[in-house]
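Below you'll find the structure, written out as structure tokens, and then a few comments.
Throughout, protein chains are lettered first and strands after them, A, B, ... in sequence-line order, and every chain is numbered starting at 1.
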Amino acid sequence: MPKVTLPNKSIIEAEASAPAIEVAKKISRSLAEDALAVKINGKISDLNTPITSDCELQFLTFDDPEGKEVYWHSSSHLMAHAIQALHPEAKFGVGPAIEDGFYYDIDIDKTLTPADLEAIEKKMHEISDQNASFERKVVKKEDALKFFSAKKDPYKVEIISALDETITVYSEGDFTDLCRGPHVPSAGKLKYFKLLGTSGAYWRGDSKNKMLQRVYGVSFPKKKMLEEHLKMLEEAKLRDHRKLGRELELFVFHDIAPGAPFWLPKGMIIFRELEKFIREELDRLNYDEISTPMLVKKDLWEQSGHWGHYQENMFILKVEEDIYSLKPMNCPESTYVYRHKVRSYRDLPLRYSEIGRLHRNEISGALGGMFRVRQITMDDAHIYCRPDQILPEINDLIGLVRRVYGLFNFEVSFKLSTKPEGAMGDPKLWEEAEKSLRQALENNGIKYGVKEKDGAFYGPKIDIQIKDALGREWQVATIQLDFVMLPERFDLTYIDADGQAKRPVAIHRAIFGSFERFVGILTEHFAGAFPAWLSPVQTAVLPITDSFNDYAKSVVDALKTGKIRAELDDRNEKVGYKIREWETKKVPYMLIVGQKEKDSGTVSVRKHHEGDKGSVSLSEFVERIKKEITEKK
RNA sequence: GCUGAAGUAGCUCAGCGGUAGAGCAGCGGUUUCGUAAACCGCAGGUCGUGGGUUCAAAUCCCACCUUCAGCUCCA
């Protein structure tokens, strides 16, 4: 009898050749119920895979990322099944699980409408109710080709023709699809789903190929999970920074400048606070701020290599007889600052920060609100150091990243990208650098993912992702080592202790990434209700009737003296009306003043979203909010 | 750039061949009010831009611009 080792190291004996699900049943009924697939010695397989020898087993449920993937992948089959039932002429492309659900690419003449999606959804429920099991079958290549040719599925035939490995198909009821698997045991496991929309997608992602219709969906084993997910999508729509940006008067877009925002006064306050904050941090960490030209001759880009590889993203213009470009990156120009005099090993590290405005000619279809703009304000920096200084520098950068993102309550995760094929630079330096990056991460007690061979050709990097209040992930900061692009191409040197000229290492890094994108992310993360230190208006003062305007004015003056951004609302409106307005503007505090407050020198405090907080003396309120602002709470 | 959808007042939207409409916001007045919308009135649009069809176009057709959902790209 095979011995099965479970993740908690306990060992269970399984019946010889019994399906894996039987082991789950031995462990607990709920596990057997929730299990979607199983990992046998690390390989994900169907639950009915027979256990023939000693092995390690791990059952996957919807709580495991891999379990979700199986669930969504099976859901995509179910959807294809339903589409085939309703539209027998449809030809199928691929239908994988994605980060947040699944899709299937289909070739069909009719443009699918929301009503079609509803019908497909209904059909999916019918098929799920029949609860047919997913049957795996290994087939010969020629049989597979014959089958899918007969089924008139040219895309499947194309895929099979390119396959060398064992070909498997999965059948579920009367629907058979080419698939590596694994799948959930039966269609009945797939219960709650929603088709979210369609879009065009080229066959194999190549614009030379025919465009197929991609149908997106999402599914869950529990009704509540689906409901929560749909609610989250609704919430995301409400928080859309394009909508909030306009409503809160932060920024607007205009046809006259596609891909570039007009920052409104209130938005600019947020921008400036962020700038002030990051500058304070960098001063503390001994950075030197520089500013380099926005318009430079193309010679620079030829030297850096951008002219050959990045030209299509650059705005290029002719000035007199020369070709110029708006800079799409700061890095090459920072070398001019480094090179303006001879550098000693004692000078290093040199940390040059630059809040530079960059222009990148993103293709029109890629633009989207603040998230993808053509004009980018980047909190950039280039650190030039000796190889032995990599570790402490990376260490500081990780600390900075954590401090900055912790402040906004983002959950931060790190990914290390290692040496790719065709990398340039000294292999020994690569090895040491990767070691330094790993060590810096480990010293900070960080669990990090590794993207093998995903570094740039000029050095390894750490990408930093944050998770916002809705659980959405954003790639923001990046820490990128560079042995080649700046040091070699711009012939950077320093004189070492032995009198020899040596190459420094450059570290490219950004924390916010771009102010535009980051303000967009913050707006959605906070749903427009910024913490006091960022809030464009920190306190609104609301006199109950105009006979208290004078007192209210004195309150505003006191706040302004305390450097608090305060506004007086002395409009001839009822206090309920004013409160409603300032609530919708998401101002952190309202101070309501009437006879009582005037007599006692107090203010009635109302906090955004929380309501009436009672009265305190004006001076106490000033102290409290000042503290909140200073501590960036 | 590609596919699809959309662009009407500052905002949200109705109208879809017969002289442009509502609510909110704005402005003027009345009201002087205690924690999420007082009342009355006024003003505001070459219906994204340019062509075309028609006696007549916001409405039908074509092109372009912009936006959105994706695809693609992200040295």
Side-chain angles (χ1 to χ4, degrees), chain A residues 93 98 103 105 111-114 196-216 237 240 242-244 246-249 252-259 264 301 304-314 328-329 331-332 360-369 371-372 376 420 424 456-458 475 478 480 482 484-486 489 508 540 542-549 570-587 589-598 603-615:
Chain A
I98 50 175
Y103 68 77
D105 283 346
T111 304
L112 294 174
T113 62
L196 297 170
T198 58
S199 82
Y202 298 104
W203 169 238
R204 307 216 135 164
D206 187 336
S207 59
K208 288 200 254 328
N209 290 336
K210 183 167 181 184
M211 182 167 276
L212 311 180
Q213 286 187 67
R214 178 166 293 180
V215 186
Y216 288 89
K237 228 182 265 170
D240 190 316
R242 290 167 293 209
K243 178 177 174 294
L244 287 173
R246 195 170 48 231
E247 287 172 3
L248 304 177
E249 300 180 61
V252 287
F253 287 86
H254 196 280
D255 284 4
I256 210 74
L264 303 177
W301 310 111
S304 69
H306 288 91
W307 196 252
H309 293 279
Y310 200 66
Q311 194 180 149
E312 56 186 24
N313 286 296
M314 290 165 61
M329 300 187 183
C331 31
R360 296 182 184 174
N361 193 4
E362 304 282 357
I363 53 177
S364 57
L367 301 176
F371 291 157
R372 204 68 184 268
I376 304 157
M424 293 174 73
F457 73 85
Y458 51 79
Q475 155 79 50
T478 167
Q480 166 82 61
D482 176 7
V484 181
M485 190 169 79
L486 301 185
R489 290 201 169 145
H508 308 240
L542 284 51
I544 283 170
T545 71
D546 55 15
S547 50
F548 308 109
N549 284 356
D570 58 359
R571 290 175 304 169
N572 178 12
E573 294 290 351
K574 287 172 77 169
V575 73
Y577 178 89
K578 295 184 190 177
I579 287 170
R580 184 188 146 78
E581 271 212 359
W582 290 103
E583 281 291 342
T584 60
K585 287 184 182 169
K586 308 188 188 235
V587 169
Y589 292 99
M590 282 176 240
L591 300 182
I592 292 136
V593 295
Q595 193 66 54
K596 277 186 291 185
E597 290 76 14
K598 188 180 173 184
V603 290
S604 172
V605 181
R606 187 190 163 96
K607 194 161 186 197
H608 171 67
H609 206 66
E610 291 178 23
D612 194 351
K613 291 284 177 190
S615 292

TODO: Check whether any side-chain heavy atom of A/R246 lies under 4.5 Å from a side-chain heavy atom of A/F253, and answer yes or no.
DONE: no

Open item on the list: At 4.0 Å (heavy atoms only), tell me whether A/I256 reaches a base, stays on the sugar-phosphate, or touches nothing.
Closed with: nothing

Open item on the list: Does B/U72 have OP1 or OP2 under 4.0 Å away from a side-chain N or O of A/R214?
Closed with: no

Open item on the list: Using a heavy-atom cut-off of 4.0 Å across all strands, would you classify A/R360 as base, sugar-phosphate, or nothing?
Closed with: nothing

Open item on the list: Quick check for you: among B/C71, B/A36, B/G1, whose closest atom lies nearest to any side-chain atom of A/E583?
Closed with: B/A36

Task: Side-chain donor-acceptor contact under 3.5 Å, A/H608 with A/E583 - done: yes

TODO: Once you apply the 3.5 Å cut-off to both distances, tell me the Watson-Crick or G-U wobble partner of B/C27, or none.
DONE: B/G41

Open item on the list: So A/G614, base contact, sugar-phosphate only, or nothing? Heavy-atom distance under 4.0 Å.
Closed with: nothing

TODO: Take atom CZ of A/R372 and atom P of B/C71, then tell me their distance rounded to the nearest Å.
DONE: 12 Å

Task: A/I592 side chain near A/I579 side chain, heavy-atom distance below 4.5 Å - done: yes

TODO: Please determine, for B/G50, whether a Watson-Crick or G-U wobble partner exists with both distances under 3.5 Å, and give it or none.
DONE: B/C62

Open item on the list: Using the side-chain heavy atoms of A/L367, tell me which of these nucleotides is nearest: B/G1, B/G34, B/U67.
Closed with: B/U67

- [ ] For nucleotides B/A5 and B/C62, find the distance between their P atoms and express it as a whole number of Å.
- [x] 12 Å

Task: salt bridge (Lys or Arg N to Asp or Glu O under 4.0 Å) involving A/R489 - partner list, sequence neighbours excluded - done: none

Open item on the list: Can you measure A/D255 atom CG to B/C64 atom C1' for me and round it to whole angstrom units?
Closed with: 12 Å

- [ ] Assign A/G197 to base, sugar-phosphate, or nothing according to its heavy-atom contacts below 4.0 angstrom with the strands shown.
- [x] nothing

- [ ] Figure out the CD/C1' separation between A/E362 and B/U67, and round it to whole Å.
- [x] 17 Å

Task: Length of the line joining A/F371:CZ and B/G70:P, which is rounded to integer Å - done: 12 Å

Open item on the list: Please give the distance between the P atoms of B/C27 and B/G10 as a whole number of Å.
Closed with: 15 Å

- [ ] Could you measure between the two P atoms, the one in B/G1 and the one in B/U59, and give it in whole Å?
- [x] 25 Å

TODO: Looking at every strand, decide which applies to A/E573 at a 4.0 Å heavy-atom threshold: base, sugar-phosphate, or nothing.
DONE: base

Open item on the list: Any heavy-atom pair between the side chains of A/I98 and A/Y216 that's under 4.5 Å?
Closed with: yes

Task: Spacing of the P atoms in B/A14 and B/U8 (rounded, Å) - done: 10 Å

Review item, nucleotides 22-25 of chain B N/O atoms under 3.5 Å of protein N/O:
| residue | atom | partner | partner atom | Å |
| --- | --- | --- | --- | --- |
| B/A25 | OP1 | A/Y577 | OH | 2.8 |

Task: Presence of A/Y103 side-chain N/O under 4.0 Å of B/A69 phosphate oxygens OP1/OP2 - done: no

Task: d(NZ, A/K613; P, B/U35) in whole Å - done: 17 Å

Open item on the list: Please compare A/I363 and A/D240 by the position of their nearest nucleotide in RNA chain B and report the one closer to 5'.
Closed with: A/D240

Task: With A/E249 via salt bridge (Lys or Arg N to Asp or Glu O under 4.0 Å) - residues at least two apart - done: none

- [ ] Sticking with atom P, work out how far B/C61 lies from B/G45, rounded to a whole angstrom.
- [x] 28 Å

Task: Given A/K613, A/R606, A/K578, A/K607, the one that forms side chain to side chain contact (heavy atoms under 4.5 Å, CB included) with A/M590 - done: A/R606

Open item on the list: Taking only the P atom of each, what is the distance from B/C47 to B/G4 in whole angstrom?
Closed with: 27 Å

Open item on the list: Does A/Y216 reach a base, just sugar-phosphate, or nothing at all? Heavy atoms under 4.0 Å.
Closed with: sugar-phosphate

Task: Euclidean distance, atom CG of residue A/D105 to atom P of B/G4 [Å, nearest integer] - done: 16 Å

TODO: Mind checking A/E597 for me? I need base, sugar-phosphate or nothing, with any heavy atom below 4.0 Å counting as a touch.
DONE: base

TODO: Using a 4.0 Å heavy-atom cut-off across all strands, classify A/Q311 as base, sugar-phosphate, or nothing.
DONE: nothing

- [ ] For A/G611, answer base if it contacts any base atom (sugar-phosphate contacts may also be present), sugar-phosphate if it contacts only those atoms, and nothing otherwise; contact means non-hydrogen atoms under 4.0 Å.
- [x] nothing

TODO: Output all residues satisfying ring pair (Phe, Tyr, Trp, His ring centres under 6.0 Å) with A/F371, sequence neighbours left out; order by chain, then residue number.
DONE: A/H241, A/W474

Open item on the list: Going by salt bridge (Lys or Arg N to Asp or Glu O under 4.0 Å), name the residues that satisfy it together with A/D482, two or more places apart in sequence or in a different chain.
Closed with: none

Open item on the list: Are A/E312 and A/I363 packed together at the side-chain level, in the sense that at least one heavy-atom pair is separated by less than 4.5 angstrom?
Closed with: no

Task: A/I544 side chain, from C-beta outward: closest of B/C33, B/U67, B/U35 - done: B/C33

Task: For B/A36, the Watson-Crick or wobble partner whose two distances fall under 3.5 Å - done: none

Open item on the list: Base, sugar-phosphate or nothing for A/K578? Non-hydrogen atoms, less than 4.0 Å.
Closed with: nothing

- [ ] Look at all strands and tell whether A/G368 reaches a base, only sugar-phosphate, or nothing, counting heavy atoms closer than 4.0 Å.
- [x] sugar-phosphate

TODO: Find the distance A/K585:NZ to B/U35:C1' and express it as a whole number of Å.
DONE: 17 Å

What does the list of N/O pairs under 3.5 Å between the protein and nucleotides 11-14 of chain B look like, with a distance for each?
| residue | atom | partner | partner atom | Å |
| --- | --- | --- | --- | --- |
| B/U12 | OP1 | A/R246 | NH2 | 2.9 |

Open item on the list: I'd like the P distance from B/U30 over to B/A36, given in whole Å.
Closed with: 28 Å

Task: Nearest-Å distance for atom pair CD1/P, residues A/I579 and B/A38 - done: 11 Å

Task: Nucleotide opposite B/A9 in a Watson-Crick or G-U pair, distances under 3.5 Å - done: none

Task: Any-strand Watson-Crick or G-U partner of B/U3, both distances under 3.5 Å - done: B/A69

Task: A/Y589 versus A/V605, closest heavy-atom pair with distance - done: CD2-CG1, 3.8 Å

- [ ] Answer whether the closest heavy-atom distance between the side chains of A/Q480 and A/M485 falls below 4.5 Å.
- [x] no

Task: B/C13 and B/U72, which share atom name C1', separated by this distance in whole Å - done: 34 Å

- [ ] Respond yes when some side-chain nitrogen or oxygen of A/S547 is under 4.0 Å from OP1 or OP2 of B/U32, and no when none is.
- [x] no

Open item on the list: Is the shortest side-chain heavy-atom distance between A/R360 and A/Y310 below 4.5 Å?
Closed with: yes

